[in-house]
Amino acid sequence: MELSNEFNLKEIEQTTKNYLSKVDLKKLIDDSPDKMDKIMFIEGPPTLNGEPHAGHLRGRVFKDLWYRFNTLNGKNVVFNAGWDTQGLPVELQAEKELGITNGKSEITTQEQVENLVAQCKKIVAKFHEKWIDVDKKLGMSFNQENAYWTYKNEYIEREWKLLRAAHENNILTEGYRVVAYCPSCQTSLSHSEVNQGYEIVQDPSLYYKVKLQDEDAYFIVWTTMPFTLVTDAMVGFNPDQEYVYVETNNEVWIIGKTRLEEFMKEIKVEDYKTLKTVNGADFEGKKYIHPLLDNISALEKMSKQENYHIAVAEKFVDVNTGTGIVHLSPANGEDDYNIAMKRKVEIFSPIDDEVKFTDEAGVYAGMFVRDADEKIVQDVKEKNALVKIGKIKHKYPLCWRSKHKLVWLARREYFYMLDRLGDKAINAAQKVEYFFDQPKNRFLEIIKEKHPWCISRERFWGCPLPIWKCVECENIERLFSRKEIVDASDDLPDGPDFELHRPWIDRISIKCKKCNSKMQREEFVLDTWHNSGVAPFASLSDDEYGKKIPAPFFTEGIDQTRGWAYTLLIENVILNNKDTAPYESFLFQGHVLDEKGNKMSKSTGNVLDASDLLTEYPVDLVRFYFMWKSSPIETLNFSVKELMSRPYQILSTLFHIHLYFRQNSQYDVFDINQTTVSWAKEKGLLGPTDTWLLSKLQKTVDNCTELNKKCKFHESAKAVEDFLINSLSQIYIPITKPELWDDDESKKNRRFAIYAIIANALKQLDILLHPFSPFISEYLYLTTFGNKKSILLENWPKADKSLVNGKIEESFDMMNDAVSVCAAARMKGKLKRRWPLNRAIICIEKGEREKMELLSDLLHTQLNVHTCDIIELEHHTGLAELLEMKKADIPIVPKVDLQRKAIGPKAKQDLGKLLEIFAETDAETIIESLDKNGTFTFDINGNKISLDTDDFIIDFDVQEGFAFFKRDNLIGIISTVRNEELMSKGLLKDLARRLQSLRKERGYNPTDMLNTASILDLEQESLDMLKDKTEELAFLVRVKQVNFTKTCKEYKDDDIDGQKIKIAVE
RNA sequence: GGGCUCGUAGCUCAGCUUGGCUGGAGCGUUCGACUGAUAAUCGAAAGGUCAUGAGUUCGAAUCUCAUCGGGCCCA
């Protein structure tokens, strides 16, 4: 591989990929004696139901960065890929592709399930290919051969082991959960599916009354779903709101105060009287009589329970709708269900899979629940409990697929009762390092909730629940392994090696041990989060798991706080029945948004396809940009324009310094491996600039290392940027350039010292940058150093404390400030930087002279002046500063103005006159007087007005022939007058620069020695100035001779401060 | 609706713990300069109601409360 002369990131990327494809990097790392410390990484598996987009890339880059950083730090990282394959999204996609439009209700036969599962596998395979492609493009170091797949038999059997542990630790239970359910598709819907389908629909609006058991009064209750009266268990009041007793038609009604008037208007009752007002909380526990008990005998039985059909005070009750009193149906509402759970109210759910009432629902048995609405209203009326039936239009969720109105149903499910874990999960979570406080607090809060986790799903494509129930005696068999299933079965239609999925597992015939009847598997699969959360255990062997889990570092998007991060932790705690997380640290990553900060979504069309992005733009740049732009936990607004600006410049600079190094060091036949920094140090070849750079480098290395460890990757990238641009490129290279151009054999050692330093800095930069931008760093390393077959086999640099020199760094920073201030002064005097000047004066803080003088030679060259005076000043404003400067013989003149606000009261009516006199008074005179007496007195026709120092605004300006600039307490003054000698030197530099750029234009190498440089049409005056300087000019532009008459062929027109000239080189 | 969290220049952030000089830096922009590696670099300028409002205080970007807006999760 050869270092190209052209900077082309895409080409570099390709070259590196070609090279790496021929190298068995994994084997080289495995064989490397420096990298024996084996550590485990567990990949958070992407769900294979879509193509990767720009947002996915960020997470992958974090992972790969961590891999490379650790590999360089002597670790052998087990970095297996992993793929999440099951779950609802994949299944829905498969349904769509198979043309199933009515969901689960269309899938009734085993053949259909088999087809569905086959389709799911096809989808997974398709997207797997896309992801692999992107991983390749991105330079992910994943071991794809050892990738784990969440749907594989081995994985499922490991997952069952967790289930067994949960059962044995009494965490696994059966119970109810209220889910949104589509009666048409016969499927429960996830929250996100429900959220997709809100529309304005018309529903009945039923007001009915229920009598209190111990009072002669009625609650007026409102519902839009009359059928839920069948499952009514409580009515709710808001504890903090007022309710009123009103008398109308010889009855006492109880209604929320806020809605009273509106409600009465709505039911057209004008004649009513308010009796008293009470708080919602006062109703707590009051028993009422459900109007339809005669029709529903099972409900009547329920109502005998103490906590059934009572009023409850709950904060969520909204007093702004209906009557401010709501009825609660735990079997048909989520909030209702949660309250029932909290209050340990038994769930009455007489509804079957087809959403029809069962026999328990009495007279309503067999009716589809929503069809019962009408009859129930009728019955309420018959029982004389109807207040009003009307219609209402409101927002209500419809099934996104069938557009059918959803209903909420309590379904029998399996749960992990997390409260039974005690504080184990919290303790485990507290031991983890999260790098940032923000996600940590949230994570801990979530874990403290200890919500029961519903792990069962009524679907097909997932890890099946291996629990069988006898259809006759309800005896339960839990068979948590293939062997147990095989042993328990009396018929295995697919043989003992059947696939552990539906439909195959459902074909197995098992007879009840107790009554010898048929056993039926509980037709659930497990939550896909359960499936992925068991990855550390399921993707490893017992031995690996025991030794390598907890693993040091996991990372995933911030949305996974309640997702993967949570299930990983919970499942690991259950598995071990101990407070251990499977990870020692977890980095939550912020999401990627578009340029303007909008969420990337298909509907807005601002999604950036990962593959396209990586094809079009340099991968090194994309990776660097992701890490460099913002803190890992922050959201990142992705802008292609920004990507191509600063990050490009950084990589470009690094490349060009490598090129510069090669061009120069090759010319001197420098061998990196022979001549090192320690050699230069031993030989005493290091000057202050070298010491300074090396010192900065050590700090950069230290910084980057620490920051990477703390996941402050953006700061780490910025530390690299700072050193590369501000220290190496901006200062070190230009300062040492003249030394490198000097061909003198006697100064060769000095040149070698510089080469060694640049080489040392570049090699370390390559390594520091490698985790961010693997291709270019690999390329630069291989083409410039290449001691090993890959940069990954190198060792992460360690700061050499003996090279740190704080004193020199301080001096250098001061010098740079001084140079910058003088550059500004030059600007004011319109003097180019390359024109040498006679004199500079630099005023600094008291006590800093020593630091400044440490680098005085360098200061002279940098300032491009003959002499430079350094003056310490104690004062930095006003009179004191001025006097001090005068005392030091600095060529300044005082500038004095009046402090108008202060003198007004003193001069009063004489102000005008005073101003006149002031205008005619020499500033020097005022200063002298202030210095001597502390006052200056104006004599206005005998009226003496005495002003003191504070009445004046005192500043300074420089004398003619000087220019100055002041920043903070630093003042730079330069002489602007140029004599003939200075003019001619300036002219020389001007000409040299023009000839040099012409050389470049014509494609000559900087090191090529050319024959002739020609300059035509110079004015006589200029020619005279250059008389003695032709040799110097020839040296500067690297030619054998310079002439001022026509000898060359191709001339270029140029312009030098107004003189039209022609120049040529050949 | 609830929890967590963020809000300082066009962008990325520092300052907030412990209130106190004129709220800083880098990038980006504009103008000027420099440049024999560079889309590098140097100089100058423009750019801020420190989200809004109230409170505490002699004094608030900083402490307190409320509101608004963004994000994630949950409902």
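Convention: sequence-line order gives letters A, B, ...; per-chain numbering from 1.
Checked against the 6.0 Å centroid threshold, A:Phe443 and A:Phe588 count as a close aromatic pair.
Contact annotation for A:Thr561: no contact, since no heavy-atom pair falls under 4.0 Å across all strands. Across all strands, A:Glu634 comes closer than 4.0 Å only to sugar-phosphate atoms, never to a base (heavy-atom distances). Across all strands shown, A:Lys718 has heavy atoms under 4.0 Å from sugar-phosphate atoms exclusively, and none from any base. Residue A:Ile657 is classed as a base contact, given a heavy-atom separation below 4.0 Å to a base. Among the heavy atoms of the strands lying under 4.0 Å from A:His591 are primed sugar atoms or P, OP1, OP2 only; no base atom is included. Here A:Ile725 lies in heavy-atom contact (under 4.0 Å) with sugar-phosphate atoms only. Across all strands, A:Ser631 comes closer than 4.0 Å only to sugar-phosphate atoms, never to a base (heavy-atom distances).
Taking atom P on both nucleotides, B:rU67 is separated from B:rG3 by 11 Å, rounded to a whole Å. Only the P atoms considered, B:rG71 is 29 Å distant from B:rU17, to the nearest whole Å.
A salt bridge does not link A:Glu334 to A:Arg177: none of the charged side-chain nitrogens sits closer than 4.0 Å to a carboxylate oxygen. Salt-bridge check for A:Lys448 with A:Glu445: passed, with a basic side-chain N closer than 4.0 Å to an acidic carboxylate O. Look at A:Glu2 and A:Arg662 and you find a salt bridge, because one of the NZ, NE, NH1 or NH2 atoms lies within 4.0 Å of a carboxylate O, short of that distance. With salt bridges taken as basic N to acidic carboxylate O contacts below 4.0 Å, one links A:Glu314 and A:Lys342.
Scanning atom types as modelled, one donor and one acceptor separated by under 3.5 angstrom connect the side chain of A:Arg442 and the base of B:rC72.
Atom CD1 of A:Ile735 is separated from atom C1' of B:rC34 by 15 Å (rounded to the nearest Å). Separating the CG atom of A:Leu724 from the P atom of B:rU38 is a distance of 15 Å, rounded to the nearest angstrom.
Nucleotide B:rC72 has B:rG3 as its partner under the Watson-Crick or G-U criteria, with both atom distances under 3.5 Å. Figure legend. B:rG59 is base-paired to no nucleotide; pairs are counted as Watson-Crick or G-U wobble with both atom distances under 3.5 Å. Judged by Watson-Crick or G-U wobble contacts below 3.5 Å, the nucleotide B:rA51 has B:rU67 as its partner. For B:rG43, the paired nucleotide is B:rC31, the pair qualifying as Watson-Crick or G-U wobble because both relevant distances are below 3.5 Å.
Nearest nucleotide to the A:Glu642 side chain, out of B:rC11, B:rU38, B:rU41: B:rC11. Taking every side-chain heavy atom of A:Gln663 into account, B:rA37 is the closest of B:rG28, B:rA37, B:rC11. Comparing B:rU41, B:rU12, B:rA39 by their nearest atom to the side chain of A:Gln649 picks out B:rA39.
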